[in-house]
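When a ligand or atom number is given, it counts from 1 through the structure's own listing order.
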Amino acid sequence: MTAPTLEIYLSDDDLTSALRADARLGLTADPKWLPPKWFYDARGSELFEQITELPEYYPTRTERALLERVVGEIARTAQAEVLVELGAGSAAKTRLLLSALTAEGPLKTYVPQDVSSSALRAAAAEIATEFPGLAVHGVVSDFTDTLHNLPRGGRRMIAFLGGTIGNLVPAERAEFLSSIREVLEPGEQLLLGAGLVIDPAVLVPAYDDAAGVTAEFNRNVLHVLNSRLDADFEPDKFAHVATWETEDEWIEMRLEATEDMTVTVRELDLTLQFARGEQMRTEISAKFRIDGLDAELAAAGFETEQVWTDPDNRFALVLAAR
Ligand code: AVJ
């Protein structure tokens with residue numbers, strides 16, 4: 001077994017300064033907002049794992065079943081030597097890909113990337129044990145701006161699964177897809193997992209579960225601000241809100257102040273007022289139509305090679321090449 005390595009391109013200091021900048025920008029805006037990547041400290045990553053087990057949260061199990069069905073086909077056509085997984089998290093679905101890519105092709109190296117070092121460290125160690133022939137190089141970074149730190153040499157496939165592409169607004173997606181396209185060599189591929197536009201009666205409960213796990217996940221961003229920026233949010237005084245935005249075709253998660261509050265963020269020398277009923281956006285999770293995905297990929301310079309969907313058309317896997 002080759003011992004897994006962890007390359008930290010985002011040190012704890014970098015993370016904190018990025019959080020400070022994001023928090024200052026979002027908390028002083030009107031309406032207030034925060035980017036979703038800050039959910040994922042150790043507790044947030046753990047809560048997300050719990051979300052994936054909820055009866056209402058269909059994306060993870062739908063994508064996994066789809067991947068199970070088509071992964072052999074993907075592996076045979078891709079012939080990847082290096083699998084780079086963006087936003088790998090606990091890397092649960094990755095095992096399917098890794099098994100197929102090693103059985104059906106020349107895979108030698110796995111590069112999981114995530115902002116959460118705790119989730120990544122654990123995943124990298126487990127994968128290295130399960131796949132003794134594989135070199136595992138975990139990369140702690142922000143997927144939107146560290147693509148150039150990815151290893152070169154060996155035919156690569158970049159996987160961006162789970163529907164996390166939906167956390168980006170259209171302009172960010174365009175920039176992100178273009179920057180992936182830029183680092184790829186001819187013939188290298190992108191495997192993209194994306195949630196599809198479906199009945200809001202199914203979509204909304206996936207982001208507002210009966211057990212309240214998503215609510216706790218949503219409020220976790222306030223715990224992160226409290227511990228990393230010495231803020232004094234009272235998370236229990238914020239209610240979880242999830243809505244389907246028909247025009248934008250995305251789910252929006254917000255936190256609603258249940259009373260008038262003054263909050264200080266000491267590390268930012270910031271004092272904030274929340275009025276009762278005020279809502280702060282914490283995440284968008286866009287859903288897609290195949291045509292739209294195709295168009296976005298084409299605009300970024302990709303050629304869509306193949307699209308697979310589950311029988312209920314809830315989720316798509318797209319293989320695109322430079
Ligand atoms: C991990 C970003 C794909 O948007 O569905 C789950 C995160 N947010 N429940 C998603 C999430 C609320 C999830 N992604």
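- Of the charged side-chain nitrogens involved, none lies within less than 4.0 Å of a carboxylate oxygen, so that R228 and E267 do not count as a salt-bridged pair.
- Under a 4.0 Å heavy-atom criterion, P59 is not in contact with ligand 1.
- When F48, F217, Y58, Y207 are ranked by how near their heavy atoms come to atom 1 (C) of ligand 1, first place goes to F48.
- Residue, atom and distance of the protein heavy atom nearest to atom 14 (N) of ligand 1 are T164 OG1, 4.0 Å.
- A donor atom on one side chain and an acceptor atom on the other are not found under 3.5 Å apart for E216 and Q50.
- With respect to atom 13 (C) of ligand 1, the closest heavy atom belonging to the protein is Y57 OH, 3.3 Å.
- Paired with E81 under the rule salt bridge (Lys or Arg N to Asp or Glu O under 4.0 Å), one option of R156, K108, R155 passes, and it is K108.
- Put simply, CG on L97 and OG1 on T102 are 10.0 Å apart, with the number rounded to the nearest 0.5 Å.
- Contact between F39 and ligand 1 is absent, with no heavy atom of the residue lying under 4.0 Å from the ligand.
- Using a 4.0 Å cutoff on heavy atoms, Y40 counts as a contact of ligand 1.
- In this structure, the protein non-hydrogen atom closest to atom 4 (O) of ligand 1 is S285 OG, 2.7 Å.
- Of the N and O atoms on the side chains of T258 and E256, not one donor lies less than 3.5 Å from an acceptor on the other residue.
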